[in-house]
Protein chains: 2
Amino acid sequence: MTGLAASIERRNGVSLWRQIADRILQAIANGDFAENAALPPEMALAERYGVNRHTVRSAIAALVQEGVLKAEQGRGTFVLSRKRLSYPIGARTRFSTGLQGQTSERHIALLSSSKEPAGRRIAEALGIARGAAVIRLETRGEADGHPVSRATTWFDAKRFAGIEAAMAETGSITASLKRFGINDYLRHSTVLSARHADADDLAALDLQPGAIVLVTIAVNVTLDGQPIQFAESRFPAERVELRLSAGD
Amino acid sequence: MTGLAASIERRNGVSLWRQIADRILQAIANGDFAENAALPPEMALAERYGVNRHTVRSAIAALVQEGVLKAEQGRGTFVLSRKRLSYPIGARTRFSTGLQGQTSERHIALLSSSKEPAGRRIAEALGIARGAAVIRLETRGEADGHPVSRATTWFDAKRFAGIEAAMAETGSITASLKRFGINDYLRHSTVLSARHADADDLAALDLQPGAIVLVTIAVNVTLDGQPIQFAESRFPAERVELRLSAGD
DNA sequence: TAAATTTGTCTATTGATATAGACAACTATA
DNA sequence: TATAGTTGTCTATATCAATAGACAAATTTA
């Protein structure tokens, strides 16, 4: 399928070993290797990608460091298989319901919260005056102890005063909103993009530098269309894919 | 907002100038700079990112090459503003209707076509036997003369014999499907991921090496749920964002 | 046991990346 | 017309990235 033949680019600002590490990760996520399967020998990979064996070794070293591969002298290099999580997004997406069946344990950790004046984008999305106070929550989604998302969420401070405490206590946006009389809500719009992870993402998501994150910018609304929440979420592209299902 | 403070990472396989170029691109796409606005002076950027001025110059040089910035000796460096296209995806997404109002001219160019046996993934998606013949189309979406997407599409060769000719003639998937008696179809499922662009993407999308592409893998079905089309599309993350609207 | 295969380590060399400093060329402004 | 601010060019140096070759160490297979 895709990504087998295509060659490697030089002099682009992305080192060859990083590009090759990306390829291998992609192949694993694609299911090209079975659980605990052996990677082709270093010489074979070097030939396939048209680079020196040492360059392949650098790529493998990075993935070993990352816990994706395990190298054994004399035997080979093996895939410790981390399949990609498939994360559904749609009108009724909730974090905890989204990953059902794929992981056994999941929750949202509140990293920090603060109060700040609303910028242009946030004010427009929440339908409040620019400069009005908003509460900002920094959270991390975890599944089976592994970080799978990193989000920044804004609420109208007037309407949702104290939501950071509710969030810290319940570990759930849905449960926290219930305390403010909101029993159901919908995702109104989602904008999707991708970029290199920044320093904050790297630390929070336990990523290796150079990793790519999928970014969603979403507005949640009540059933009658009133905006309640504005959020930017980052997902590590190497561990998560986003899934849109018809009818969601 | 996001992306202003976060610092630059070293020894990660992605060169500093590439990381800084990414940041600047992101800031422009974010709307942090007005049309034709001047970028901060090189010295200021160097200080902000904690690097040497020459490193900033490398980043700027790459973006000038790319046509995003224009540097004028003695005056400053200016944003040639290319706003990001917002590309809607949903149950009723069509290429030509999707970008209405954002661009004046758009069409799909057929790059090549071939016949091949269906692999596991494609056979499952199309509901045909593994190894059955499928037609594969390589296409490029263009808006105002700029490439905005690169797709690989598979059809059941038995049912859609000759669709490559229809596609070449009409330049439209929708119009081509009409010739086979399909007047309407829906997007059944979409899976979203992101990765570094490979050599083929770089050439077809006119990207600088190191660029990131958003990848969608979609299945289109007839109104009664019969799968007709399997497609993998790549969008340059620096020029395109994907938008999910409620009710689509 | 011997041979083949595969990963691990070492040395050496080349080119790209990044830093540093100095100064030229050009523009806008006081 | 000075002066300050900005981009452009040059030299020099240190480190990282990539290539190249040789051989050691461990495992599997004949």
Side-chain angles (χ1 to χ4, degrees), chain A residues 7-24 33 36-80 196 199 208-211, chain B residues 7-24 33 36-80 196 199 208-211:
Chain A
S7 62
I8 298 287
E9 293 291 317
R10 288 159 196 266
R11 282 166 224 200
N12 38 5
V14 182
S15 62
L16 296 186
W17 64 263
R18 168 56 53 192
Q19 292 182 63
I20 290 169
D22 281 354
R23 291 291 187 83
I24 295 173
F33 297 100
N36 295 323
L39 224 61
E42 292 167 353
M43 280 304 292
L45 290 174
E47 198 168 351
R48 176 191 300 185
Y49 294 121
V51 300
N52 191 273
R53 178 181 159 229
H54 295 291
T55 307
V56 169
R57 282 181 61 75
S58 297
I60 289 175
L63 296 178
V64 166
Q65 178 87 14
E66 219 167 315
V68 176
L69 298 178
K70 188 178 146 195
E72 291 182 31
Q73 185 171 157
R75 293 194 65 217
T77 304
F78 301 89
V79 176
L80 295 184
H196 283 122
Q208 289 305 105
Chain B
S7 63
I8 299 288
E9 294 290 319
R10 289 161 196 264
R11 281 165 225 198
N12 38 4
V14 182
S15 62
L16 296 186
W17 64 263
R18 167 56 54 191
Q19 292 182 63
I20 290 169
D22 281 354
R23 291 288 188 83
I24 294 173
F33 298 99
N36 295 324
L39 223 60
E42 292 167 353
M43 281 304 291
L45 289 174
E47 198 167 353
R48 174 190 301 185
Y49 294 120
V51 300
N52 192 275
R53 178 181 158 226
H54 294 292
T55 307
V56 169
R57 283 181 62 75
S58 297
I60 289 175
L63 296 178
V64 166
Q65 178 86 14
E66 221 167 312
V68 175
L69 297 178
K70 188 177 148 197
E72 290 182 31
Q73 185 170 162
R75 293 194 64 217
T77 304
F78 301 90
V79 175
L80 294 184
H196 283 124
Q208 289 306 105

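In what follows, chains are A, B, ... by sequence order, proteins preceding strands, each numbered from 1.
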Partner residues of B:P40 under the side-chain contact (heavy atoms from CB on, under 4.5 Å) criterion, sequence neighbours left out |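 Applying side-chain contact (heavy atoms from CB on, under 4.5 Å) to B:P40 gives B:F33, B:A44, B:L45, B:R48.
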
With A:A62 via side-chain contact (heavy atoms from CB on, under 4.5 Å) - residues at least two apart |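 A:A62 satisfies side-chain contact (heavy atoms from CB on, under 4.5 Å) with A:W17 once adjacent residues are dropped.
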
Between [N] ([atom2]) and [X] ([atom1]): distance, integer Å:
{"X": "A:R18", "N": "D:dC16", "atom1": "CZ", "atom2": "P", "answer": "17 Å"}
{"X": "A:Y49", "N": "D:dT19", "atom1": "OH", "atom2": "P", "answer": "14 Å"}
{"X": "B:N52", "N": "D:dA14", "atom1": "CG", "atom2": "C1'", "answer": "13 Å"}
{"X": "A:E47", "N": "C:dT5", "atom1": "CD", "atom2": "P", "answer": "14 Å"}
{"X": "B:F78", "N": "D:dT7", "atom1": "CZ", "atom2": "P", "answer": "8 Å"}
{"X": "B:I60", "N": "D:dT9", "atom1": "CD1", "atom2": "P", "answer": "14 Å"}
{"X": "B:W17", "N": "D:dC16", "atom1": "CH2", "atom2": "P", "answer": "19 Å"}
{"X": "A:M43", "N": "D:dT19", "atom1": "CE", "atom2": "C1'", "answer": "12 Å"}

side-chain hydrogen bond (donor to acceptor under 3.5 Å, both in side chains) partners of B:T55, counting only residues at least two apart |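 B:T55: no side-chain hydrogen bond (donor to acceptor under 3.5 Å, both in side chains) contacts found.
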
Hey, could you give me each pair passing salt bridge (charged side-chain N to carboxylate O under 4.0 Å, His left out) that has a residue in residues 36-47 of chain A? Not counting sequence neighbours.
->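 Pairs touching residues 36-47 of chain A that pass the test: A:E42-A:R53, A:E42-A:R57.
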
Out of [options], which nucleotide sits closest to the side chain of [X]?
{"X": "A:S15", "options": "C:dT19, D:dT19, D:dA18", "answer": "D:dA18"}
{"X": "A:R53", "options": "C:dT7, D:dA17, D:dT7", "answer": "C:dT7"}
{"X": "B:L16", "options": "D:dA20, D:dA18, C:dA18", "answer": "C:dA18"}
{"X": "A:E42", "options": "D:dG8, C:dG8, C:dA18", "answer": "C:dG8"}

Where is the tightest heavy-atom contact between A:A59 and A:I20, given as atom of each residue plus distance?
->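 The answer is CB-CG2, 3.8 Å.
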
Heavy-atom distance under 4.5 Å between the side chains of B:L80 and B:L69, does that happen here?
->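 A side-chain contact is absent here, since even the closest heavy-atom pair is not under 4.5 Å.
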
State whether [X] places a side-chain N or O below 4.0 Å from either non-bridging phosphate oxygen (OP1 or OP2) of [N].
{"X": "B:T55", "N": "C:dT19", "value": "yes"}
{"X": "B:R57", "N": "D:dG8", "value": "yes"}
{"X": "A:T77", "N": "C:dT7", "value": "yes"}

Could you go over nucleotides 25-28 of chain D and give all protein N or O partners under 3.5 Å, atom names and distances?
{"unit_1": "D:dA25", "atom_1": "O4'", "unit_2": "A:Q73", "atom_2": "OE1", "d": "3.3"}
{"unit_1": "D:dA25", "atom_1": "N3", "unit_2": "A:Q73", "atom_2": "OE1", "d": "2.9"}
{"unit_1": "D:dA26", "atom_1": "O4'", "unit_2": "A:Q73", "atom_2": "OE1", "d": "3.4"}
{"unit_1": "D:dT28", "atom_1": "OP1", "unit_2": "A:R75", "atom_2": "NE", "d": "3.1"}

Ignoring hydrogens and angles, does a donor from either the side chain of A:H54 or the base of D:dG21 sit under 3.5 Å from an acceptor on the other?
->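 Answer yes: a donor N or O sits under 3.5 Å from an acceptor.
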
Only counting residues at least two apart or in another chain, list the ones meeting salt bridge (Lys or Arg N to Asp or Glu O under 4.0 Å) with A:E72.
->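 For A:E72 the salt bridge (Lys or Arg N to Asp or Glu O under 4.0 Å) partners, ignoring immediate neighbours, are A:K70, A:R75.
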
